[in-house]
Number of protein chains: 2
Amino acid sequence: MVTTEDNNLTDAQNELYAWIKNYMRDFQHSPSIRQMMQAMGLKSPAPIQSRLKHLQEKGYISWQEGKARTLQLVDDLVEGIPIMGSVAAGGLVETFSDVNDNLDISDVLKKKNIFALTVNGDSMIDACIADGDMVLMESINDVYSLRNGTIVSALVPGLGTTLKYYFKRNGKIFLEAANPAYQPIELDPELVIFQGKLVAVWRKV
Amino acid sequence: MVTTEDNNLTDAQNELYAWIKNYMRDFQHSPSIRQMMQAMGLKSPAPIQSRLKHLQEKGYISWQEGKARTLQLVDDLVEGIPIMGSVAAGGLVETFSDVNDNLDISDVLKKKNIFALTVNGDSMIDACIADGDMVLMESINDVYSLRNGTIVSALVPGLGTTLKYYFKRNGKIFLEAANPAYQPIELDPELVIFQGKLVAVWRKV
DNA sequence: TGTATTAGAGTACAAATGTTTCTATGGTAA
DNA sequence: TTACCATAGAAACATTTGTACTCTAATACA
């Protein structure tokens with residue numbers, strides 16, 4: 001019984017569990033035992049049943065007995081993250097409170113016209129958008145809804161895509177960095193293609 | 001055929017679709033036709049078959065023919081967010097590329113010992129953590145694994161919780177802000193309770 | 001009113017699938 | 001080695017389940 005992970009599963013159980021997780025993420029439904037059998041390179045359903053039973057006993061999965069494709073990952077119930085309170089970042093403030101709320105990211109993620117971009121460089125550093133951050137952008141339907149000061153990703157033909165503050169003044173488009181070291185870019189409206197406006201920032205450390 | 005929604009579904013189809021969505025959210029797998037039949041108050045599988053077919057034709061669902069419980073909500077494919085490329089934030093750089101990857105937030109979200117905190121104040125502004133941001137923290141198992149320079153949330157008894165850089169020097173704990181306007185806090189190790197270390201930052205604009 | 005269309009009930013059938021049982025194999029500890 | 005145990009292969013079985021078909025009832029439309 002050699003375990004390579006820090007959990008209490010055997011290699012075979014680990015492999016199966018990981019595969020199930022992937023399958024269910026991709027297809028939104030449970031695989032059948034015979035599918036798992038095939039995926040694990042086995043020729044009999046019995047070993048899969050055994051592994052499933054172990055996974056269940058150890059609290060990783062559950063299913064409805066006798067019903068086809070009714071696996072559940074008991075682990076994956078975490079739809080949100082508990083918000084434990086506030087922290088001070090300037091003086092000391094609040095202590096940990098009870099869970100008042102849940103951080104719900106899904107509302108942003110579930111929108112259809114959302115895409116992500118990786119940030120290169122530091123021109124938006126003063127807007128607290130750093131090199132390596134992921135910015136979640138929402139596609140722009142009509143340019144006229146853009147308000148001055150919005151952070152947008154814009155494609156300047158022949159130059160490339162950039163992340164900047166959007167301003168419109170006197171019929172001209174200004175793309176301004178949030179870093180004084182960079183000069184504003186002035187453009188005619190017809191030369192710019194706005195790809196999206198900023199809805200969220202994600203940074204993994 | 002009166003439709004109450006703004007989509008092109010009949011009432012019956014709408015009801016079924018909503019029920020399926022709920023079921024799949026709750027159980028992480030597809031219901032069977034006979035379950036839907038029962039849930040819709042019907043006594044024959046035929047009407048469900050018909051409604052499913054319509055839902056499929058209109059692009060709401062799909063399934064694997066002949067296979068049990070293999071429904072998929074084509075709408076809900078957004079588990080990740082397509083990463084369309086990079087943006088410059090400093091000079092203009094890259095154009096939109098094809099989707100190279102998917103922004104996967106779930107790996108962080110699915111960890112069990114993750115909690116979130118709301119940031120108050122600007123003492124971490126130079127670390128690009130701004131007022132109002134959500135910081136995702138991972139519980140700290142052993143304090144000794146903490147490395148200098150890690151951003152932690154620490155509870156200083158009698159004062160409160162704060163988000164700071166962690167340093168240990170000469171047996172003393174130093175909690176330093178990422179804003180020169182704030183003085184480092186020097187503490188004895190036994191006076192500090194470390195609640196978590198930073199794993200991600202989430203900002204919704 | 002009569003006809004066409006649609007939805008639902010009922011039934012039957014074949015395929016998919018979970019479950020059980022038995023046997024063989026390989027490794028491990030006494 | 002020998003006994004034991006976990007795992008894999010194999011085969012058979014019962015249930016679940018998707019699918020197809022017919023028939024009836026309700027509804028819409030001319």
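Not measured: the values here are computed from a predicted model. Every heavy atom of this structure was used, including side-chain atoms; hydrogens, water molecules and symmetry mates were not. Chain A is the first sequence line, chain B the second, and so forth, proteins listed ahead of strands; every chain is numbered from 1.
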*Nucleotide of D/dG9, D/dT19, C/dT17 approaching A/L42 most closely (side-chain heavy atoms)*: D/dG9

_Distance, rounded to the nearest Å, where B/L52 contributes CG and D/dA20 contributes P_ = 13 Å

*Would you mind telling me which of C/dG18, D/dG18, C/dG10 lies closest to the side-chain atoms of B/S32?*
D/dG18

*Between atom CE in B/M37 and atom P in C/dG8, what is the gap in whole Å?*
13 Å

_If you count every heavy atom of other residues, nucleotides or ligands that lies below 6.0 Å from A/K43 atom NZ, does the total exceed 12?_
no

*For the side chain of B/R34, starting at C-beta, report the closest nucleotide among C/dG18, D/dG18, D/dA10.*
D/dG18

*Should A/R69 be listed as having a side-chain N or O under 4.0 Å from OP1 or OP2 of C/dA16?*
no

*Quickly work out the A/Q56 CD to C/dG18 P distance and round it to whole Å.*
14 Å

_Within the 4.0 Å heavy-atom criterion, would you say A/Q49 contacts the bases, only the backbone, or no part of the nucleic acid?_
base

*Rounded to whole angstrom units, what separation is found between the NZ atom of B/K67 and the C1' atom of D/dT19?*
15 Å

*Which listed nucleotide (D/dG18, C/dT19, C/dT21) is nearest to the side chain of A/A46?*
C/dT21

*asked:* Counting C-beta onward and ignoring hydrogens, is there a side-chain heavy-atom pair between B/L191 and B/V156 closer than 4.5 Å?
replied: no

*Angle between terminal axes - the helix from C/dT1-D/dA30 to C/dA30-D/dT1, 5 pairs each end, rounded to 10°*: 30°

*Closest approach of A/S123 and A/K164, non-hydrogen atoms and distance?*
OG-NZ, 3.6 Å

_Rounded distance (Å) that lies between atom C1' of D/dT16 and atom CD of B/Q38_ = 14 Å

*With nearest nucleotides of DNA chain C determined for B/P45 and B/Q13 from heavy-atom distances, which residue corresponds to the more 5′ nucleotide?*
B/Q13

*Nearest-Å distance, CE (B/M40) to P (C/dA7)?*
16 Å

_Can you tell me if B/R51 touches the phosphate of C/dG8, counting only side-chain N or O atoms and a distance under 4.0 Å to OP1 or OP2?_
yes

*Mark yes when over 12 heavy atoms from residues, nucleotides or ligands other than A/E65 sit less than 6.0 Å from its CD; otherwise mark no.*
no

*Is a side-chain donor-acceptor pair under 3.5 Å present for B/Y17 with B/N22?*
no

*asked:* What is the distance, to the nearest angstrom, from the CD1 atom on A/I48 to the C1' atom on C/dA16?
replied: 17 Å

*Whole angstrom is fine here: how far is it from CD1 in A/I33 over to P in D/dT15?*
17 Å

*Is atom CD of B/Q38 surrounded by more than 12 heavy atoms (other residues, nucleotides or ligands) closer than 6.0 Å?*
no

*D/dA8, D/dA10, C/dT19: which one has an atom nearest the side-chain heavy atoms of A/S44?*
D/dA10

_Taking the ring of A/H54 and the ring of A/Y60, is the distance between their centroids below 6.0 Å?_
no

_Given the ring of B/F174, does B/R169 sit roughly above its face, with NZ or CZ under 6.0 Å from the centre of the six-membered ring and within 45° of the axis?_
yes

_Presence of B/W63 side-chain N/O under 4.0 Å of D/dT19 phosphate oxygens OP1/OP2_ = yes

